[in-house]
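Here is the structure we will look at.
Note that ligands are numbered from 1 as they come in the structure, with each ligand's atoms numbered from 1 the same way.
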Amino acid sequence: MSVRTRFAPSPTGYLHVGGARTALFSWLYARKMGGQFILRIEDTDRERSTDASVQAILDAMDWLGLDYDEGPFYQTQRFERYREVIAQLLDSGHAYYCDCSREHLAALRERQMANHEKPRYDGCCRDKNLPASAHTVIRFKNPLDGDVVIDDLVKGRVVINNRELDDLVIARADGTPTYNLTVVVDDWDMKMTHIIRGDDHLNNTPRQINILKALGAQLPIYAHVPMILGDDGKRLSKRHGAVSVMQYKDNGFLPEALINYLVRLSWSHGDQEIFSREEMIALFDVVDINTSPSAFNTEKLRWLNQHYIKNKPPEKVAKLLQPYIKKAGYSTDNGADLQAVLKVFQERCATLVELAEEIRFLYDDFAEYNTKQAKKQFKPAVLPILQSLQQQYSDLQNWQAEAIHQVVENTVKTFDVGFGKVGQPLRLAVTGSGKSPSIDITLALLGKQRTLQRLEWAITYIKKVDR
Ligand code: GLU
């Protein structure tokens, strides 16, 4: 039978990295096994679900390249089917109406807590055979004894005695189905063979298995994936910075870097860190997922991102970078060819946002110098050096790296100083930050006109400070 996996997010917010990793594992397993991957939107909680969240999830799946073979299915469009299955469970004696009042249930709970017992429904209405009414809920008749055994692909064998479970509500008084019921019906109807999901759902699994059994459904295989922690050992949350997948996009990360990063959280293949998509698909297996939680490490993600930026053809980086340049508020229309610039600069940055900032000086005039650098480099003694450079560059016809370099060499000789005494102030004069690749290549890209103009500004600046 062909493998069928799914990702079943509740659209109550953006897609966060934990959800994305669960989706990735399900997707990888389906792709590896030549099976199908299904997207299902669990939007029955109408108060917390929003269209914007649905869109955010779809956008994130698309950006990450996690394509689905079926769906997105929406649970809100399947209420008719849930009603049908609930009726089936009532008919077969696996479910019953319950009219226990809120007060009764609260008092029960209080008593159990006082006795240090796990709060659970006491089965008060289980054998009453009550008819339906406006205030009755429907409960599932959980088996009273025996064990539920889960042979989890990640956790190993998990055994839960039915005495620890209770008769859970499967339909509210208004007739709407509850989460555990909808998941079961969908997993059954959609013929899921493997349920790969966060281990925060492990306590739902025995209940879902019991309902599946009552329906005579084939049981899927489960794999509960450990959670992702922040660098402080606590569950990853907003406190740790960006957790939304699309926030990573905004912050200048590439989807392949995030995917590569996520796959290595709780899964490994020897010491290998870099995986192409094809390699991931070939090497991944659910049984190799670790049982312990893994910690999110932004530095490692940055390292991977830099790797992927560095190894992309400049024309691809140029295309990807344009929106970030636009957002940074400048344009590359007037200045060096962006691809030529990227050949030199793209390996220097960990994110596209940083890259857009790094090359800004080539296209956009800066308003001030890095203060510390200016103090250090723009001393009065530098003035004649910069003036000499300005003169020589103004005379230079062949604006090529080699000739540009020769001018620096000549100046070093004329003034009888070290290379740094010429190169550093020159670099600060043209970049404003003091940061750039080799000075000859930098000036070649910046162009003659801009170089001269910036030398003029630096000279004016030093004269002013000098006074
Ligand atoms: N909708 C659930 C969630 O977003 C997932 C349910 C499942 O994977 O079974 O947490």
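Close approach of ligand 1 to E42 (heavy-atom distance below 4.0 Å) involves ligand atoms 1 (N), 2 (C), 5 (C), 6 (C). In summary, the atoms of ligand 1 found under 4.0 Å from a heavy atom of A8, numbered by their order in the structure, are 1 (N), 2 (C), 3 (C), 4 (O), 5 (C), 6 (C). The R6 neighbourhood of ligand 1 comprises atoms 7 (C), 8 (O), 9 (O), with distances under 4.0 Å to a heavy atom of that residue.
Among protein heavy atoms, the minimum distance from atom 10 (O) of ligand 1 is reached at H201 NE2, 2.9 Å.
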Check the pair E42 / R40 against salt bridge (Lys or Arg N to Asp or Glu O under 4.0 Å), numbers first and verdict last. CA-CA 6 Å; E42 303 204 321; R40 182 168 83 219; 2.9 Å; yes
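Checked against a 3.5 angstrom limit, the closest N/O atoms of S10 and ligand 1 fall inside it.
Aromatic rings of Y29 and F37 (six-membered ring for Trp) have centroids beyond the 6.0 Å cut-off, not under it.
Within the 4.0 Å heavy-atom criterion, the part of P9 lying near ligand 1 is the backbone and not the side chain. Contacts between Y179 and ligand 1 below 4.0 angstrom, taking non-hydrogen atoms only, involve the side chain exclusively.
The cationic group of R126 does not satisfy the cation-pi geometry with Y96, failing either the under 6.0 Å distance to the six-membered ring centre or the 45° limit from the ring axis. For the pair R277 and W27, the distance from NZ or CZ to the six-membered ring centre is under 6.0 Å and the angle to the ring normal is within 45 degrees.
Open room surrounds CG on D51; 12 or fewer heavy atoms of other groups in view lie less than 6.0 Å from it. Residue E279 places its CD atom among more than 12 non-hydrogen atoms of other residues, nucleotides or ligands, all under 6.0 Å distant.
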